[in-house]
**Q** 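Take a look at this one; I'll ask things after.
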Amino acid sequence: MATAPKPTTAKKESTGSNIFASLTIVICIIIGVLIWKFVMGHPSNFDGGDPENGHPLPGNFQGMIYKGGVIVPVLFGMLLMVIVFSIERFIVITKAAGSGSVEVFVRKIQTLLSAGNIESAMAECDKQKGSVANVIKSGLKKYREVEADQGLDTEQASLAIQKDIEEATALEMPMLEQNLTVIATLVSVGTLVGLLGTVTGMIKSFAALATAGAPDQAALANGISEALINTATGIAVSTIAIIMYNVFTSKIDKLTYSIDEAGFSIVQTYASTHK
């Protein structure tokens, strides 16, 4: 019978992923603050070399971003999170697909199954590597096991193969979706944090208008600039996050479909050749 995935192993992998995600989030926020403080807030970007009281030099975009306020470094950190987690997911999903085209690999497996060449199909899995190949190879091994077990009828053997493939999939595929929740969360949080920066900037602008006598034009301009910079940065974070999330979910769905297609071929091949 197939050996079910060990909960302890899955728990260790999940714990390792959670630690990675937590550390990445903290480090990205710290880097975002450092970039905002020492790169955007460098004295050379401001009149008189004073980042706090001086105005950004004409056309100096870095100085303008620094004047966006303390929410900007948080948005920078979130943008870095999207980039880091996207690179990490790209590496994991590419590794799961294996060394060659998944579509070509599945077609080879189906062709070899049709010819009854199970050993060659397993050899192809060894060449392909990755999560998809691992799941299919597990099903092929089970195919050999039930074929040698004379105590099982065709229906029982087919169900055993299907169950083994499902268990192997349950062990391999969830790893592909880890950390995607972070990217999905940033889709909404990026916009909300950017909106928060917009609101704080507008509050400063209206405060400048509310002063007695002539409005403080510098304070008014700074408030509007802060609002727009936070809006733009928040939209950028959310846009990149939603694009990458959709790209990765599409890739995962494609891999899952390939596994289902190959698994169905294995079960049907056994059922048709062992009537």
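The model shown is predicted, which means the values in this text are computed figures rather than measured ones.
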**Q** Would you please name every residue forming a side-chain contact (heavy atoms from CB on, under 4.5 Å) with I240, sequence neighbours left out?
**A**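 Scan of I240 (side-chain contact (heavy atoms from CB on, under 4.5 Å), adjacent residues dropped) gives L79, V82, M244.
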
**Q** What closest approach, in Å, do S265 and Q110 show between heavy atoms, and which atom pair accounts for it?
**A**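 Residues S265 and Q110, closest heavy atoms: OG-NE2, 3.1 Å.
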
**Q** Would you say that N60 contacts M64 through its side chain, given a criterion of any heavy-atom pair below 4.5 Å between the two side chains?
**A**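 Side-chain contact under 4.5 Å: no.
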
**Q** Can you list everything that forms a side-chain contact (heavy atoms from CB on, under 4.5 Å) with L228? Sequence neighbours excluded, please.
**A**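 Applying side-chain contact (heavy atoms from CB on, under 4.5 Å) to L228 gives I224.
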
**Q** Are any side-chain N or O atoms of S188 and backbone N or O atoms of A184, one a donor and one an acceptor, separated by less than 3.5 Å?
**A**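 No: the side chain of S188 does not pair with the backbone of A184.
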
**Q** What heavy-atom pair brings Q156 and G151 nearest, and what distance separates the two atoms?
**A**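 Where Q156 meets G151 most closely, the heavy atoms are OE1-O, 4.0 Å.
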
**Q** Does D126 use its side chain to pair, donor to acceptor, with the backbone of A133 at less than 3.5 Å?
**A**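 Not a single qualifying donor-acceptor pair exists.
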
**Q** Checking the side chain of T239 only, and the main-chain atoms of A236 only, is there a donor and an acceptor separated by less than 3.5 Å?
**A**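 No; zero donor-acceptor contacts below 3.5 Å.
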
**Q** Going by salt bridge (Lys or Arg N to Asp or Glu O under 4.0 Å), name the pairs with one or both residues in residues 40-51, residues two or more places apart or in two chains.
**A**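 Residue pairs with at least one partner in residues 40-51: there are none.
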
**Q** Would you name the heavy atoms of T269 and S272 that are closest together and state the gap between them?
**A**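 Smallest heavy-atom distance, with atoms named: O-OG, 3.0 Å.
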
**Q** If only atom types and distance count, is the side chain of T185 paired as donor or acceptor with the main-chain N or O of T181 below 3.5 Å?
**A**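 The answer is yes, because a donor-acceptor pair under 3.5 Å joins these two groups.
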
**Q** Are F46 and L57 close enough that some pair of their side-chain heavy atoms sits under 4.5 Å apart?
**A**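 No, their side chains stay 4.5 Å or more apart.
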
**Q** Can you label the angle between the W36 ring and the Y66 ring as parallel, tilted or perpendicular, going by 30° and 60°?
**A**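 Taking Y66 first and then W36, their aromatic rings lie parallel (interplane angle under 30°).
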
**Q** Could I get the full list of salt bridge (charged side-chain N to carboxylate O under 4.0 Å, His left out) partners for D253, not counting sequence neighbours?
**A**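 None.
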
**Q** Which ILVMFWY residues are connected to V84, directly or by a chain of links, through side-chain heavy atoms under 4.5 Å apart?
**A**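 Taking Ile, Leu, Val, Met, Phe, Trp and Tyr as members, V84 stands alone, with no cluster partners.
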
**Q** Scan for salt bridge (Lys or Arg N to Asp or Glu O under 4.0 Å) pairs involving residues 183-207, sequence neighbours excluded, and state none if there are none.
**A**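 Every salt bridge (Lys or Arg N to Asp or Glu O under 4.0 Å) pair that includes a residue of residues 183-207, provided the two are not neighbours, is K204-E226.
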
**Q** Whether K142 and E145 form a salt bridge (side-chain N of Lys/Arg under 4.0 Å from carboxylate O of Asp/Glu) is what I want to check.
**A**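 Counted as a salt bridge, because a side-chain N and a carboxylate O are separated by less than 4.0 Å.
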
**Q** Give me the other members of the hydrophobic cluster that L34 sits in, counting Ile, Leu, Val, Met, Phe, Trp and Tyr linked by side-chain heavy atoms under 4.5 Å, directly or via other members.
**A**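 For the cluster that includes L34, the remaining residues are V26, I30, F38.
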
**Q** Taking salt bridge (charged side-chain N to carboxylate O under 4.0 Å, His left out) as the test, write out the residues that go with K95, two or more places apart.
**A**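 Salt bridge (charged side-chain N to carboxylate O under 4.0 Å, His left out) check on K95 returns nothing, list empty.
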
**Q** Among all residues two or more places apart in sequence or in another chain, which pass the salt bridge (charged side-chain N to carboxylate O under 4.0 Å, His left out) test with E155?
**A**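 Salt bridge (charged side-chain N to carboxylate O under 4.0 Å, His left out) check on E155 returns nothing, list empty.
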
**Q** M175 and R89: which non-hydrogen atoms are nearest, and at how many Å?
**A**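 M175 and R89 have their closest heavy atoms at O-NH1, 2.8 Å.
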
**Q** With the side chain counted from C-beta on, respond yes when Q178 and F20 share a heavy-atom pair under 4.5 Å apart, and no when they do not.
**A**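 No, their side chains stay 4.5 Å or more apart.
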
**Q** To the nearest 0.5 Å, what is the distance between CD1 on I252 and NZ on K254?
**A**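 Rounded to the nearest 0.5 Å, the CD1-NZ separation comes out at 13.5 Å.
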
**Q** May I ask whether L180 and I259 are part of the same hydrophobic cluster, defined by side-chain heavy atoms of I, L, V, M, F, W, Y residues being less than 4.5 angstrom apart, directly or through others?
**A**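 As far as the 4.5 Å side-chain criterion goes, I259 and L180 are connected within one cluster.
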
**Q** Is there a side-chain contact between L113 and L140, using heavy atoms and a 4.5 Å cut-off?
**A**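 SC-SC contact between L113 and L140 confirmed.
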
**Q** List in chain and number order the residues that pass side-chain contact (heavy atoms from CB on, under 4.5 Å) with V187, two or more places apart in sequence or in another chain; answer none if no residue qualifies.
**A**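 With neighbours one apart ignored, the set is A241, I242.
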
**Q** Show the nearest heavy-atom pair for residues G32 and L80, with the distance to one decimal.
**A**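 Result for this residue pair: N-CD1, 4.0 Å.
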
**Q** Quick one about N230 and T198 (side-chain donor to acceptor, distance below 3.5 Å, no hydrogens or angles considered), yes or no?
**A**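 Result is no, nothing qualifies.
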
**Q** Which residues pass the side-chain contact (heavy atoms from CB on, under 4.5 Å) test with E124, sequence neighbours left out?
**A**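 Per chain and number, E124 pairs via side-chain contact (heavy atoms from CB on, under 4.5 Å) with F105, K108, I109, L112, K127.
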
**Q** Once rounded to the nearest 0.5 Å, what's the spacing between atom NZ of K67 and atom CD of Q62?
**A**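 Reported to 0.5 Å precision, the distance equals 14.5 Å.
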
**Q** Residues two or more places apart in sequence or in another chain: which of them pass salt bridge (charged side-chain N to carboxylate O under 4.0 Å, His left out) with E147?
**A**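 E147: salt bridge (charged side-chain N to carboxylate O under 4.0 Å, His left out) contacts with R144.
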
**Q** Spell out, yes or no, whether F90 and L255 are grouped together once hydrophobic residues are joined by side-chain heavy atoms under 4.5 Å, including indirect joins.
**A**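 Yes, because F90 and L255 connect within a single hydrophobic cluster, where side-chain heavy atoms sit under 4.5 Å apart.
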
